[in-house]
Novice: 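Sharing a structure, written as C-alpha coordinates. Questions coming.
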Amino acid sequence: RVGYNALIDFFVEDLDWFKLLNNYVLLSPEAMGMALKIHSKSFRFSSLTKEGYENVIWIEPYVGEYSPLSIKDIVKVSRKYEPIKLSPYAKERIAEGYLNLQKSKSKNPKIYGMSTGVGSMKDIFIPFLEREQYQKNILLSHAIGTGSYFDEEVVRAAILLKVNSFAKGCSGVRLLVVESLIALLNNNIVPAVPQKGSVGSSGDLVPLAYIALVIIGEGYVIEKNQIVSSKSILQSHKLYPISLVEKEGLSLINGTEIM
(Lines give C-alpha, C1' and ligand atoms only; values in the text may rest on other atoms or scores of the structure.)
Protein backbone atom coordinates (compact mmCIF):
# COMPACT_ATOMS: atom_id res chain seq x y z
CA ARG A 1 0.00 0.00 0.00
CA VAL A 2 1.27 3.45 -0.88
CA GLY A 3 0.31 6.53 1.14
CA TYR A 4 -1.09 9.65 -0.49
CA ASN A 5 1.96 11.80 0.34
CA ALA A 6 4.29 9.11 -0.95
CA LEU A 7 2.39 9.10 -4.23
CA ILE A 8 2.70 12.87 -4.51
CA ASP A 9 6.45 12.74 -3.84
CA PHE A 10 6.85 9.92 -6.35
CA PHE A 11 5.03 11.63 -9.18
CA VAL A 12 6.58 15.05 -8.65
CA GLU A 13 10.12 13.73 -8.33
CA ASP A 14 10.00 11.03 -10.99
CA LEU A 15 8.13 11.83 -14.18
CA ASP A 16 8.82 8.35 -15.49
CA TRP A 17 5.86 7.39 -13.35
CA PHE A 18 4.97 4.33 -15.39
CA LYS A 19 7.51 2.51 -13.21
CA LEU A 20 4.87 2.38 -10.51
CA LEU A 21 2.78 0.16 -12.78
CA ASN A 22 5.36 -2.58 -12.98
CA ASN A 23 5.20 -6.24 -12.16
CA TYR A 24 4.97 -5.67 -8.42
CA VAL A 25 2.36 -2.95 -7.94
CA LEU A 26 -1.31 -3.26 -8.81
CA LEU A 27 -3.55 -0.23 -8.45
CA SER A 28 -7.29 -0.34 -8.10
CA PRO A 29 -9.25 1.83 -10.56
CA GLU A 30 -9.83 4.32 -7.73
CA ALA A 31 -6.14 4.49 -6.85
CA MET A 32 -5.24 4.79 -10.51
CA GLY A 33 -7.64 7.71 -10.84
CA MET A 34 -5.94 9.46 -7.94
CA ALA A 35 -2.55 8.72 -9.43
CA LEU A 36 -3.59 10.22 -12.77
CA LYS A 37 -4.67 13.43 -11.07
CA ILE A 38 -1.37 13.68 -9.24
CA HIS A 39 0.48 12.85 -12.45
CA SER A 40 -1.31 15.64 -14.36
CA LYS A 41 -0.63 18.09 -11.57
CA SER A 42 3.05 17.21 -11.47
CA PHE A 43 3.35 17.89 -15.19
CA ARG A 44 1.74 21.30 -14.86
CA PHE A 45 4.32 22.34 -12.30
CA SER A 46 7.30 20.49 -13.71
CA SER A 47 10.08 22.00 -15.78
CA LEU A 48 9.87 19.23 -18.37
CA THR A 49 9.92 20.85 -21.81
CA LYS A 50 11.23 19.97 -25.23
CA GLU A 51 14.25 22.18 -24.69
CA GLY A 52 17.40 20.10 -24.75
CA TYR A 53 15.68 17.39 -26.76
CA GLU A 54 16.04 18.90 -30.21
CA ASN A 55 17.27 15.60 -31.65
CA VAL A 56 14.44 13.54 -30.21
CA ILE A 57 11.31 12.49 -32.09
CA TRP A 58 8.38 13.18 -29.77
CA ILE A 59 5.46 10.76 -30.02
CA GLU A 60 2.17 12.64 -29.68
CA PRO A 61 -1.39 11.25 -29.56
CA TYR A 62 -3.47 11.34 -32.71
CA VAL A 63 -5.38 14.43 -33.74
CA GLY A 64 -8.71 12.94 -34.77
CA GLU A 65 -7.75 10.00 -36.97
CA TYR A 66 -4.43 11.47 -38.05
CA SER A 67 -1.07 10.91 -36.43
CA PRO A 68 1.46 13.75 -36.09
CA LEU A 69 4.18 11.23 -36.96
CA SER A 70 5.51 11.92 -40.46
CA ILE A 71 7.25 9.75 -43.05
CA LYS A 72 10.39 11.81 -42.42
CA ASP A 73 10.17 10.97 -38.72
CA ILE A 74 9.90 7.27 -39.51
CA VAL A 75 13.00 7.46 -41.71
CA LYS A 76 14.94 9.35 -39.02
CA VAL A 77 14.13 6.71 -36.42
CA SER A 78 14.36 3.54 -38.52
CA ARG A 79 17.44 4.44 -40.58
CA LYS A 80 19.22 7.22 -38.71
CA TYR A 81 18.66 5.95 -35.15
CA GLU A 82 16.96 9.11 -33.93
CA PRO A 83 15.74 8.48 -30.34
CA ILE A 84 12.10 8.88 -29.42
CA LYS A 85 10.17 9.94 -26.31
CA LEU A 86 6.52 9.94 -25.40
CA SER A 87 5.12 13.40 -24.83
CA PRO A 88 3.52 14.01 -21.41
CA TYR A 89 0.10 14.06 -23.07
CA ALA A 90 0.76 10.75 -24.79
CA LYS A 91 1.69 9.20 -21.44
CA GLU A 92 -1.50 10.51 -19.93
CA ARG A 93 -3.62 9.17 -22.79
CA ILE A 94 -2.06 5.70 -22.46
CA ALA A 95 -2.61 5.69 -18.70
CA GLU A 96 -6.19 6.82 -19.10
CA GLY A 97 -6.78 4.04 -21.62
CA TYR A 98 -5.50 1.49 -19.13
CA LEU A 99 -7.67 2.99 -16.39
CA ASN A 100 -10.77 2.88 -18.60
CA LEU A 101 -10.15 -0.78 -19.34
CA GLN A 102 -9.89 -1.54 -15.62
CA LYS A 103 -13.15 0.30 -14.98
CA SER A 104 -14.82 -1.71 -17.75
CA LYS A 105 -13.58 -4.92 -16.14
CA SER A 106 -15.21 -3.98 -12.86
CA LYS A 107 -18.56 -3.58 -14.66
CA ASN A 108 -18.22 -6.51 -17.05
CA PRO A 109 -16.01 -9.36 -15.83
CA LYS A 110 -16.08 -11.07 -19.23
CA ILE A 111 -14.08 -9.07 -21.80
CA TYR A 112 -12.65 -10.64 -24.96
CA GLY A 113 -8.91 -11.24 -24.76
CA MET A 114 -8.75 -9.86 -21.25
CA SER A 115 -10.69 -12.33 -19.13
CA THR A 116 -11.52 -14.73 -21.96
CA GLY A 117 -9.54 -16.61 -24.54
CA VAL A 118 -9.21 -15.43 -28.13
CA GLY A 119 -10.42 -16.86 -31.42
CA SER A 120 -12.11 -20.21 -30.91
CA MET A 121 -11.52 -19.83 -27.16
CA LYS A 122 -13.54 -16.63 -26.96
CA ASP A 123 -16.17 -18.19 -24.68
CA ILE A 124 -13.66 -19.70 -22.27
CA PHE A 125 -13.18 -17.71 -19.05
CA ILE A 126 -9.52 -17.36 -18.00
CA PRO A 127 -9.03 -17.41 -14.19
CA PHE A 128 -7.26 -14.31 -12.88
CA LEU A 129 -4.10 -16.14 -11.77
CA GLU A 130 -3.71 -17.71 -15.23
CA ARG A 131 -4.08 -14.54 -17.30
CA GLU A 132 -0.42 -13.49 -17.23
CA GLN A 133 0.65 -16.87 -18.58
CA TYR A 134 -2.15 -16.79 -21.15
CA GLN A 135 -0.94 -13.45 -22.54
CA LYS A 136 2.56 -14.88 -22.79
CA ASN A 137 1.17 -17.97 -24.52
CA ILE A 138 -0.53 -15.75 -27.11
CA LEU A 139 2.90 -14.48 -28.15
CA LEU A 140 4.62 -17.85 -28.05
CA SER A 141 1.88 -19.59 -30.04
CA HIS A 142 1.97 -16.98 -32.80
CA ALA A 143 5.77 -16.89 -33.18
CA ILE A 144 5.70 -19.42 -36.01
CA GLY A 145 7.22 -17.45 -38.87
CA THR A 146 9.73 -18.70 -41.37
CA GLY A 147 12.11 -17.46 -44.03
CA SER A 148 14.81 -14.80 -43.93
CA TYR A 149 14.72 -12.07 -41.30
CA PHE A 150 13.49 -8.57 -42.01
CA ASP A 151 16.10 -5.86 -42.41
CA GLU A 152 16.86 -3.84 -39.30
CA GLU A 153 15.18 -0.69 -40.59
CA VAL A 154 11.92 -2.54 -41.27
CA VAL A 155 11.75 -3.90 -37.72
CA ARG A 156 12.66 -0.53 -36.20
CA ALA A 157 9.96 1.17 -38.27
CA ALA A 158 7.41 -1.42 -37.15
CA ILE A 159 8.28 -0.85 -33.48
CA LEU A 160 7.95 2.90 -33.95
CA LEU A 161 4.53 2.50 -35.58
CA LYS A 162 3.39 0.24 -32.74
CA VAL A 163 4.46 2.87 -30.18
CA ASN A 164 2.70 5.52 -32.24
CA SER A 165 -0.47 3.42 -32.27
CA PHE A 166 -0.36 2.91 -28.50
CA ALA A 167 0.06 6.68 -28.02
CA LYS A 168 -3.56 7.09 -29.06
CA GLY A 169 -4.53 5.58 -25.72
CA CYS A 170 -7.10 3.11 -27.05
CA SER A 171 -5.28 -0.19 -26.51
CA GLY A 172 -5.56 -0.55 -22.74
CA VAL A 173 -1.88 -1.35 -22.16
CA ARG A 174 0.30 0.01 -19.35
CA LEU A 175 2.88 2.69 -19.98
CA LEU A 176 5.47 0.12 -18.97
CA VAL A 177 4.75 -1.86 -22.14
CA VAL A 178 5.11 1.18 -24.41
CA GLU A 179 8.28 2.37 -22.70
CA SER A 180 9.74 -1.12 -23.07
CA LEU A 181 9.24 -0.91 -26.83
CA ILE A 182 10.81 2.55 -26.85
CA ALA A 183 13.80 1.12 -24.98
CA LEU A 184 14.35 -1.34 -27.84
CA LEU A 185 14.54 1.53 -30.33
CA ASN A 186 16.66 3.86 -28.24
CA ASN A 187 19.15 1.08 -27.45
CA ASN A 188 19.07 -0.29 -31.02
CA ILE A 189 17.91 -3.72 -29.90
CA VAL A 190 16.48 -5.30 -33.04
CA PRO A 191 14.20 -8.35 -32.70
CA ALA A 192 14.81 -11.15 -35.17
CA VAL A 193 11.57 -11.25 -37.19
CA PRO A 194 11.05 -13.81 -39.99
CA GLN A 195 9.58 -12.35 -43.17
CA LYS A 196 6.98 -15.04 -43.80
CA GLY A 197 3.94 -15.09 -41.54
CA SER A 198 0.40 -13.79 -41.25
CA VAL A 199 -0.27 -10.15 -42.12
CA GLY A 200 -3.46 -8.13 -42.33
CA SER A 201 -6.91 -9.35 -41.27
CA SER A 202 -6.93 -9.33 -37.45
CA GLY A 203 -3.33 -8.13 -37.38
CA ASP A 204 0.23 -8.89 -38.35
CA LEU A 205 0.03 -11.58 -35.69
CA VAL A 206 3.16 -13.59 -36.45
CA PRO A 207 5.78 -10.86 -37.03
CA LEU A 208 4.48 -8.68 -34.20
CA ALA A 209 4.67 -11.66 -31.85
CA TYR A 210 8.42 -11.88 -32.51
CA ILE A 211 8.84 -8.21 -31.61
CA ALA A 212 6.74 -8.51 -28.46
CA LEU A 213 8.61 -11.59 -27.25
CA VAL A 214 11.78 -9.57 -26.81
CA ILE A 215 10.35 -7.23 -24.16
CA ILE A 216 9.33 -10.23 -22.03
CA GLY A 217 12.80 -11.79 -22.32
CA GLU A 218 11.85 -14.43 -24.88
CA GLY A 219 12.76 -14.74 -28.54
CA TYR A 220 15.89 -13.51 -30.27
CA VAL A 221 17.53 -10.34 -31.52
CA ILE A 222 20.01 -9.57 -34.27
CA GLU A 223 23.31 -8.45 -32.77
CA LYS A 224 26.32 -7.91 -35.05
CA ASN A 225 24.74 -10.13 -37.73
CA GLN A 226 24.28 -12.92 -35.20
CA ILE A 227 21.02 -14.30 -33.76
CA VAL A 228 21.31 -14.18 -29.97
CA SER A 229 19.02 -14.59 -26.98
CA SER A 230 17.02 -11.48 -26.18
CA LYS A 231 17.47 -11.95 -22.44
CA SER A 232 21.26 -11.65 -22.63
CA ILE A 233 21.05 -8.51 -24.77
CA LEU A 234 18.54 -6.90 -22.42
CA GLN A 235 20.86 -7.62 -19.52
CA SER A 236 23.82 -6.08 -21.35
CA HIS A 237 21.80 -2.85 -21.67
CA LYS A 238 20.65 -3.04 -18.03
CA LEU A 239 17.08 -3.60 -19.15
CA TYR A 240 14.75 -6.12 -17.59
CA PRO A 241 12.04 -8.32 -19.12
CA ILE A 242 8.51 -7.36 -18.16
CA SER A 243 5.50 -9.52 -17.42
CA LEU A 244 2.29 -8.94 -19.32
CA VAL A 245 -1.08 -8.43 -17.69
CA GLU A 246 -4.56 -8.92 -19.08
CA LYS A 247 -5.00 -8.06 -22.76
CA GLU A 248 -1.45 -6.81 -23.35
CA GLY A 249 -0.30 -9.82 -25.37
CA LEU A 250 -3.32 -9.41 -27.60
CA SER A 251 -2.73 -5.66 -28.00
CA LEU A 252 0.91 -6.22 -28.92
CA ILE A 253 0.13 -8.53 -31.85
CA ASN A 254 -2.99 -6.76 -33.14
CA GLY A 255 -2.23 -4.10 -35.74
CA THR A 256 -0.78 -3.78 -39.22
CA GLU A 257 2.59 -2.20 -38.48
CA ILE A 258 4.42 -4.69 -40.67
CA MET A 259 2.01 -4.57 -43.61
Side-chain angles (χ1 to χ4, degrees), residues 21 23 26 29 62 65 94 96-150 154-155 157-178 180-181 184 191-221 230 241-259:
L21 307 178
N23 302 321
L26 293 177
Y62 284 45
E65 296 183 357
I94 294 167
E96 287 177 348
Y98 176 74
L99 173 61
N100 290 335
L101 185 61
Q102 299 306 307
K103 287 181 177 179
S104 297
K105 182 179 69 172
S106 65
K107 297 177 181 178
N108 180 13
K110 192 174 182 180
I111 299 177
Y112 179 82
M114 184 173 182
S115 53
T116 75
V118 298
S120 61
M121 296 179 62
K122 62 182 177 62
D123 295 321
I124 297 178
F125 185 79
I126 308 296
F128 179 77
L129 295 180
E130 297 178 15
R131 292 175 189 172
E132 178 183 321
Q133 183 62 48
Y134 184 70
Q135 295 301 311
K136 180 178 180 180
N137 288 347
I138 288 177
L139 303 186
L140 292 171
S141 64
H142 284 84
I144 51 173
T146 186
S148 303
Y149 294 108
F150 280 113
V154 175
V155 178
I159 297 173
L160 173 61
L161 292 174
K162 175 57 73 176
V163 170
N164 189 57
S165 176
F166 282 155
K168 192 172 184 178
C170 297
S171 299
V173 301
R174 294 167 297 164
L175 275 168
L176 176 66
V177 173
V178 188
S180 296
L181 291 172
L184 296 186
V193 181
Q195 292 185 15
K196 295 182 180 180
S198 63
V199 293
S201 188
S202 63
D204 298 338
L205 306 178
V206 171
L208 291 179
Y210 281 94
I211 292 175
L213 280 174
V214 173
I215 66 174
I216 66 171
E218 301 285 346
Y220 298 89
V221 302
S230 65
I242 68 171
S243 295
L244 301 177
V245 300
E246 304 156 311
K247 194 182 177 295
E248 289 179 340
L250 180 61
S251 295
L252 282 162
I253 66 172
N254 268 212
T256 53
E257 286 78 16
I258 295 290
M259 188 172 68

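The chain is numbered in sequence order, starting from 1.
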Novice: Report the distance from atom CG of Leu160 to atom OG of Ser165, rounding to the nearest 0.5 Å.
Specialist: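 The OG atom of Ser165 is 11.0 Å from CG of Leu160, to the nearest 0.5 Å.
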Novice: Tell me every residue that passes side-chain contact (heavy atoms from CB on, under 4.5 Å) with Tyr112, counting only those two or more places apart in sequence or in another chain.
Specialist: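 With sequence neighbours excluded, Tyr112 shows a side-chain contact (heavy atoms from CB on, under 4.5 Å) to Thr116, Val118, Lys122, Leu250, given in chain and number order.
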Novice: Before you tell me yes or no, could you show the steps for Val193 and Val154 under side chain to side chain contact (heavy atoms under 4.5 Å, CB included), namely the whole-Å CA-CA distance, both residues' side-chain angles and the distance that decides it to 0.1 Å?
Specialist: CA-CA 10 Å; Val193 181; Val154 175; over 6 Å; no
Novice: Within the structure provided, determine whether Asp204 and Asn254 are in side-chain contact (heavy-atom separation under 4.5 Å).
Specialist: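 Asp204 vs Asn254: side chains apart.
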Novice: Once side-chain hydrogen bond (donor to acceptor under 3.5 Å, both in side chains) is applied, do any residues pair with Gln135, and if so which ones, sequence neighbours excluded?
Specialist: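 Per chain and number, Gln135 pairs via side-chain hydrogen bond (donor to acceptor under 3.5 Å, both in side chains) with no residue.
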Novice: What donor-acceptor contacts under 3.5 angstrom involve side-chain atoms of residues 209-220, with partners at least two apart or in another chain?
Specialist:
unit_1, atom_1, unit_2, atom_2, d
Tyr210, OH, Ala143, O, 3.1
Tyr210, OH, Ile144, N, 3.4
Tyr210, OH, Gly145, N, 2.9
Glu218, OE2, Lys136, NZ, 3.2

Novice: Do Val177 and Ile94 touch side chain to side chain, with heavy atoms closer than 4.5 Å?
Specialist: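 The answer is no; the side chains never approach within 4.5 Å.
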Novice: A side-chain contact here means heavy atoms from C-beta on lying under 4.5 Å apart; do Leu244 and Leu139 qualify?
Specialist: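 When only atoms from C-beta onward are counted, Leu139 and Leu244 do touch, with a gap below 4.5 Å.
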Novice: Just wondering, do Leu184 and Val221 contact through their side chains at under 4.5 Å, heavy atoms?
Specialist: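 Val221 does not reach Leu184 side chain to side chain.
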Novice: Would you give the length of the straight line joining atom CG of Leu181 to atom CG of Asn164, rounded to the nearest 0.5 angstrom?
Specialist: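 With rounding to 0.5 Å, CG (Leu181) is 12.0 Å from CG (Asn164).
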Novice: Pairs in or reaching into residues 250-259: which pass salt bridge (charged side-chain N to carboxylate O under 4.0 Å, His left out), with residues at least two apart or in two chains?
Specialist: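 Pairs touching residues 250-259 that pass the test: Lys162-Glu257.
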Novice: Which residues pass the side-chain hydrogen bond (donor to acceptor under 3.5 Å, both in side chains) test with Asn137, not counting sequence neighbours?
Specialist: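 Once residues adjacent in sequence are excluded, the partners of Asn137 under the side-chain hydrogen bond (donor to acceptor under 3.5 Å, both in side chains) criterion are Gln133.
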Novice: For Lys247, check side-chain contact (heavy atoms from CB on, under 4.5 Å) against everything at least two apart and list the hits.
Specialist: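 Result, side-chain contact (heavy atoms from CB on, under 4.5 Å) vs Lys247: Leu101, Met114, Ser251.
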Novice: Measure the CE-CD1 distance between Met121 and Ile126 for me, rounded to the nearest 0.5 Å.
Specialist: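 The CD1 atom of Ile126 is 4.5 Å from CE of Met121, to the nearest 0.5 Å.
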Novice: Can you tell me how far the OG1 atom of Thr256 sits from the CG atom of Leu208, to the nearest 0.5 Å?
Specialist: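 So the OG1 of Thr256 and the CG of Leu208 are separated by 8.5 Å.
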Novice: Locate the shortest heavy-atom distance separating Tyr98 from Val173; write the atom from each residue and the value.
Specialist: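 Residues Tyr98 and Val173, closest heavy atoms: CB-O, 3.7 Å.
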Novice: Could you tell me whether the side chain of Glu248 and the main chain of Val245 form a donor-acceptor pair under 3.5 Å?
Specialist: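 Yes, the answer is positive, given that a donor and an acceptor are paired below the 3.5 Å cut-off.
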Novice: Any donor and acceptor pair, going by atom type alone, linking the side chain of Ser171 with main-chain N or O of Phe166 inside 3.5 Å?
Specialist: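 A pair under 3.5 Å: no.
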Novice: As a quick check of understanding, evaluate side chain to side chain contact (heavy atoms under 4.5 Å, CB included) for Glu246 and Phe128, giving each step before the final call.
Specialist: CA-CA 9 Å; Glu246 304 156 311; Phe128 179 77; 3.8 Å; yes
